[in-house]
Every structure is written in structure tokens, then in C-alpha cells.
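Numbers for residues simply follow the sequence, beginning at 1. Basis for what follows: all heavy atoms, side chains included, without hydrogens, waters or symmetry-related copies.
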Amino acid sequence: LALFRAVREWQGAGYAADNIGDIQLRLSRGAEGLASYDSAIVAKRAWLGADSTGIALQRLGQSMMGRGRALDQLGRWDEALAAFAEAEGIFSRASTETAARDEADARARQASIQGNRGDYARAIATYRTTLQFYRDLLDREGEADQLDNIAFNLSRLGEHRAAIALWDT
């Protein structure tokens, strides 16, 4: 990481910092992971200044997703929601093959936090929007995940029959 920074190779610096952040989160070290992702974001913004292609935007969005995961792990949900919303916006501007799927994933992360905070109705509404994203992408696994999440949040609302009906489909 230090060498990449020394030679101002921002793409490599960003990837290295992301890898460190991923490991830190697997070790349940949210604060250290957050610092790594913030470092990756700085490097990728510098890379984006030199290369404004869709791939650079997508990689910046992935670092922002890492930032959101770290903030979520730390229980800093408002900041995590903001990071996932920013990632969603970044992915919507990236013109890569997987940007739409990444955008849907960022939205699903926001719904997860909404549910964890007890705002089940809002989580369900967000998951329903995300469900349509996955359907448009013909991503059956993503579709199944969203239906499962909707059912889970319905059960949290006490709407057990509706939840069972969704899980049974």
C-alpha cells in the first residue's frame, strides 16, 4: 500500500486498502476496516480524477459499500445508510456490466439496516423496489433473497400468514 501511494498509483492503492478492509471486517475489526475503506475511497477518487471510466466509478462504489459494511458492523446505522445510498448513486452512474446488480445490492443493504432499526414497513418497501431491480436483471437468486427478506420483515411486523405465504412460494 505504501509503495502504491509513493508512486501515486491510485488504482493499486485503492485495491490494497479494500483488501485490508475486507480482512479487518472478517476479523470483526470494524474501526480498522472503516479506516482502510476510507483510505481506499481517497485513492479511488484520485484514480477517478485521472480515469473517469465506468470501471473506476464502479470500484469507487465498491469501496463505499465496504465503508457502509464497516459502519454497519460498528452500529453507526445513519452513516451506514448514507454510505450505501452514496454507493447506489455511484453505481447508477457507472456503465459497466455489473453496475446494475451492484446498485441493487446497495439498495438491499439499506433495506437491511432499516429492518435492523425496527422500521420494518420501510424495509419491506425498499426490498420490494429492490426485488424489481433483480427481476429486471433476470437474477433469480437476487429475487429469491428479496422475497425472503420481505417475508422476514413481514414476520417481524406480526404478519405471519403473509410471511409464510411468501416463503411457501
Side-chain angles (χ1 to χ4, degrees), residues 15 18-38 40-41 44 54-55 57-169:
Y15 287 154
D18 274 341
N19 289 331
I20 293 168
D22 291 345
I23 291 168
Q24 296 290 12
L25 290 190
R26 281 194 294 272
L27 296 172
S28 298
R29 296 179 182 156
E32 293 89 344
L34 179 59
S36 293
Y37 289 119
D38 284 347
I41 289 166
K44 289 182 183 179
I55 194 69
L57 269 174
Q58 184 173 6
R59 298 298 188 238
L60 173 61
Q62 289 169 346
S63 295
M64 192 61 66
M65 288 286 287
R67 183 181 202 308
R69 288 192 316 273
L71 290 163
D72 185 20
Q73 191 177 89
L74 292 168
R76 292 166 53 183
W77 291 332
D78 288 338
E79 293 171 87
L81 280 170
F84 290 132
E86 186 172 351
E88 181 184 358
I90 291 167
F91 291 133
S92 74
R93 296 190 317 270
S95 55
T96 64
E97 188 175 313
T98 60
R101 182 166 284 105
D102 290 338
E103 184 179 353
D105 290 345
R107 184 169 289 180
R109 289 284 187 161
Q110 292 170 67
S112 175
I113 291 172
Q114 292 161 353
N116 289 339
R117 292 175 76 176
D119 194 349
Y120 309 128
R122 187 169 175 205
I124 290 166
T126 304
Y127 280 127
R128 287 189 192 283
T129 302
T130 306
L131 172 64
Q132 191 57 53
F133 267 71
Y134 285 109
R135 284 180 172 158
D136 292 346
L137 293 168
L138 305 176
D139 182 337
R140 300 289 290 168
E141 183 179 348
E143 181 180 348
D145 288 341
Q146 301 323 294
L147 289 169
D148 177 59
N149 289 322
I150 292 167
F152 179 68
N153 281 279
L154 283 168
S155 73
R156 291 165 118 183
L157 279 173
E159 297 182 29
H160 303 297
R161 288 178 193 218
I164 289 169
L166 266 180
W167 277 320
D168 235 4
T169 57

Examine distances only and state if a side-chain atom of [X] and a backbone atom of [Y] form a donor-acceptor pair shorter than 3.5 Å.
| X | Y | answer |
| --- | --- | --- |
| Y127 | S112 | yes |
| N19 | Y15 | yes |
| Y37 | Q62 | no |
| Q132 | R128 | no |
| T96 | A99 | yes |
| Q73 | G30 | yes |
| S36 | E32 | yes |
| N153 | N149 | yes |

Salt bridge present between R117 and D78 (N-O < 4.0 angstrom): yes
Ignoring hydrogens, what is the shortest heavy-atom contact between [X] and [Y]? Give both atom names and the distance.
| X | Y | value |
| --- | --- | --- |
| F91 | M65 | CE1-CG, 3.7 Å |
| S63 | A40 | OG-CB, 3.7 Å |
| E143 | Y134 | N-CB, 3.7 Å |

